[in-house]
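Indexing begins at 1, ligand by ligand and atom by atom, following the structure's order.
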Amino acid sequence: MAITPETPVRFLKGVGASRAKVLEEYGLATAGDLLWFFPYRYEDRRHPTHIADLGHHLDESVLVRGRVISAHAKLSPVKRMKIFEAVLQDESGAVKLVWFNQAFLSEQIKRGDRLAVFGPPKLSAYGHLQIESPDWEKFEGDEEEEGAIVPIYSKVGNIPPKALRRIVAQSLEALPALEEPLPDAIREALHVGPLAPAIEQLHRPRELSDEFLWRRSPAHRRVILQEFFTFQLALRVRRATEEVNRKQRKIRIDDSIRAEVKKILPFRLTRAQKRVMKEIVDDLQSDRPMYRLLQGDVGSGKTIVALIAAMIVIRNGHQVALLAPTEILVEQHYQRISQLLDHSVVLAKATGAATPSERRTLHSGLRDGYIQFVVGTHALLEEKIEFKSLGLAIVDEQHRFGVEQRQRLFAKGETPDIVVMTATPIPRSLALAMYGDLELSVIDELPPGRQAIKTAVRASSQLERIYGFMDDQIASGAQIYLVYPIIEESEKLNLKPLKQGFESIRSRFPNHQVAMLHGRMSSADKEATMQRFKAREIDILVSTTVIEVGIDVPNASIMLIIDADRFGLSQLHQLRGRVGRGERKSYCILVSDKEKDRLDLFAETRDGFEVAERDLQLRGPGEFLGTRQSGALRFRFGNIVRDHEYMERARDVAIDVIERGGVSGADAIARKLLGVEVAAAAMRD
Ligand code: ADP
Ligand code: MG
């Protein structure tokens with residue numbers, strides 16, 4: 001019977017009931033699954049090294065071929081473990097092979113066998129050359145005699161590597177029956193070749209070129225692009241399905257709106273702000289719902305851009321909601337917006353702290369349209385909150401905002417426009433990977449006149465000197481943030497180090513006002529503390545990372561971070577962004593006795609996007625985004641950092657496919673592609 005992609009693994013040679021079960025546990029149920037089970041590395045076993053030359057290859061894996069002239073198991077006197085030794089001889093000499101705890105090898109390797117072994121020659125404790133725990137294969141004539149490039153697969157249960165290779169090799173017989181999931185036109189647009197030869201190449205490369213080893217070969221490109229394209233297409237199809245409901249509202253901008261916007265603007269927009277403003281206004285006026293990520297470094301002025309958009313929507317008779325992650329930020333936005341708008345719109349606040357009667361007023365005001373602009377936490381997403389006509393939702397700080405929240409927001413209005421603002425500069429590649437269905441706007445310029453923040457890295461032994469500096473600065477009116485590495489996102493929040501730190505700072509600065517801030521405080525307490533800090537009643541605010549996001553106190557000019565090595569660079573950048581917001585010369589002081597190089601690198605870099613790129617390179621996407629988000633980026637073949645330009649191409653082609661072929665055509669392609677379980681984690685969100 002011919003093997004097809006659907007053939008269950010148990011019909012393959014060398015697979016009995018028990019191996020079939022093991023394979024299935026690993027998600028390898030059919031020959032088709034095995035096709036996608038690619039080697040994670042390759043060994044070039046074509047060019048054997050002469051045993052006499054092994055001394056030149058210490059600790060580097062080499063291929064040696066020869067005949068076993070002795071073989072026996074013994075007990076190691078030192079390590080009390082079983083070892084199996086064999087001596088391999090070729091025409092140039094002989095070398096000892098040693099395997100630890102593999103006594104069963106005495107059944108498999110016998111005197112007189114011809115073996116190809118692959119492993120690193122090492123010097124034994126007695127100064128002899130030996131090869132430890134090499135991979136080995138017997139060669140009994142023909143095929144493997146000439147040597148080959150051997151694919152190395154990751155372990156599947158207890159199936160020996162060689163048996164696994166045979167099993168996968170058989171699955172390749174299914175290739176002629178493999179359906180090509182990508183139509184020619186899409187393949188052309190993606191610049192990729194057909195699937196079957198690519199899969200064959202990945203299992204059985206003819207050459208190990210640099211391009212191949214760097215996963216840059218046409219075969220790799222094909223598989224990675226298919227994966228990315230599937231992801232992008234599925235995201236886009238989902239988005240397009242939402243967009244089936246075209247917006248009914250017409251947004252017009254007339255002279256009176258322009259005049260009013262001018263009036264509330266306390267300064268001139270930067271060029272970047274203007275550009276982004278135009279992108280948003282175009283979206284507001286389009287009949288397709290906006291879904292846009294507004295990225296900008298801390299202090300780049302995202303809020304004002306969002307606010308102008310809000311004004312436009314409100315003056316066209318619709319409501320606006322602004323969602324912020326914490327109550328402190330809600331309060332801050334509320335105050336700033338009421339200052340700027342100066343009673344020209346009806347503004348309300350929605351937080352958990354509201355009394356029942358305040359809540360009733362809020363609910364009815366939103367329902368009958370009296371309230372035009374509401375600022376709130378995720379409480380705004382609750383079912384009880386209804387709008388008369390929600391036109392625009394602005395989400396500040398995207399980190400805790402996922403697809404599910406978007407859908408809930410969406411249900412609150414007739415296809416409201418959505419802008420998600422984030423101050424975490426995410427490299428474009430990553431942004432596209434995470435939010436393939438968002439449009440991206442970037443404010444890549446700071447308003448003029450910003451002071452550079454002096455960043456310094458200091459050892460903990462220098463703390464007393466830093467405190468002295470703080471004394472001087474406080475005397476001249478400065479305020480200080482002091483941050484302990486307690487990440488508020490973590491489930492088990494241990495506040496002990498913070499409390500100890502707080503006590504020690506209080507006793508070190510008996511004449512100054514010291515206060516503490518952390519996420520476990522009641523919102524009223526947090527609020528009160530922030531207000532006191534803003535009112536300059538507090539000199540030193542000892543805090544966790546709650547202050548990482550968005551807090552704006554212009555008079556605070558020193559950010560002191562304890563054990564700074566425990567933070568990612570992007571997080572440090574966020575913290576640093578809390579100072580340098582006013583007239584004062586500002587400082588960010590990193591205290592750490594570790595990872596000086598990484599911190600020095602940070603100290604030299606001002607640009608948030610550059611910090612983010614470096615952070616991403618150093619820690620990889622999972623760490624970079626924090627454990628919560630990392631699941632969203634688990635691609636099987638592609639690596640969004642290494643392959644970012646493929647992601648962009650995949651995205652462009654996906655957009656194009658929907659535009660030309662319509663949603664249903666695209667949906668059909670996406671479904672076919674999703675038959676291969678790629679990026680499943682990413683799709684789940
Ligand atoms: P972020 O992008 O971090 O949210 P904000 O919107 O809070 O930044 O703006 C940071 C500060 O810069 C605010 O005090 C704001 O009033 C000010 N600002 C924004 N845009 C400009 C501009 N074009 N010129 C001068 N100051 C600006
Ligand atoms: Mg902000």
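Cation-pi geometry between R576 and F602 is satisfied (NZ or CZ under 6.0 Å from the ring centre, within 45° of the ring normal). A cation-pi arrangement is present between K349 and Y334 under the rule of less than 6.0 angstrom and at most 45 degrees off the ring axis.
When heavy-atom distances to ligand 1 are checked against a 4.0 Å cut-off, D297 comes that close only through its backbone atoms N, CA, C and O. With a 4.0 Å cut-off on non-hydrogen atoms, E445 does not touch ligand 1 at all. Here L269 has backbone heavy atoms under 4.0 Å from ligand 1, and that is the only part of it that gets that close. For Q273, every heavy-atom contact with ligand 1 shorter than 4.0 Å involves the side chain, none the backbone.
The two residues P289 and P416 come nearest to each other via the heavy atoms CB-O, 4.2 Å.
Checked by distance only, ligand 1 and G301 come closer than 3.5 Å through their nitrogen or oxygen atoms.
Those atoms of ligand 1 with a heavy atom of T270 less than 4.0 angstrom away are 23 (N). Close approach of ligand 1 to R268 (heavy-atom distance below 4.0 Å) involves ligand atoms 22 (C), 23 (N), 24 (N). Of all atoms in ligand 1, numbered sequentially from 1 with element shown, those under 4.0 Å from a heavy atom of S300 are 2 (O), 8 (O). If you number the atoms of ligand 1 from 1 as listed, the ones under 4.0 Å from a heavy atom of T303 come out as 4 (O), 5 (P), 6 (O), 7 (O).
With sequence neighbours excluded, the residues that form a side chain to side chain contact (heavy atoms under 4.5 Å, CB included) with S441 are V276, E279, R292, L294. For A650, the side chain to side chain contact (heavy atoms under 4.5 Å, CB included) test picks out L225, F228, F229, Q232, with sequence neighbours left out.
For the ligand labelled ligand 1, residue R336 lies inside the 4.0 Å heavy-atom shell. Proximity of D396 to ligand 1 is not established, as no heavy-atom distance is less than 4.0 Å.
With H512 as reference, D539 is the one residue of I538, I505, D539 to meet the side chain to side chain contact (heavy atoms under 4.5 Å, CB included) rule. A side-chain hydrogen bond (donor to acceptor under 3.5 Å, both in side chains) with D297 is found for exactly one of Q574, H573, R606, namely H573. When each of R336, Q332, R578 is checked for a side-chain hydrogen bond (donor to acceptor under 3.5 Å, both in side chains) with D552, only R336 meets the rule.
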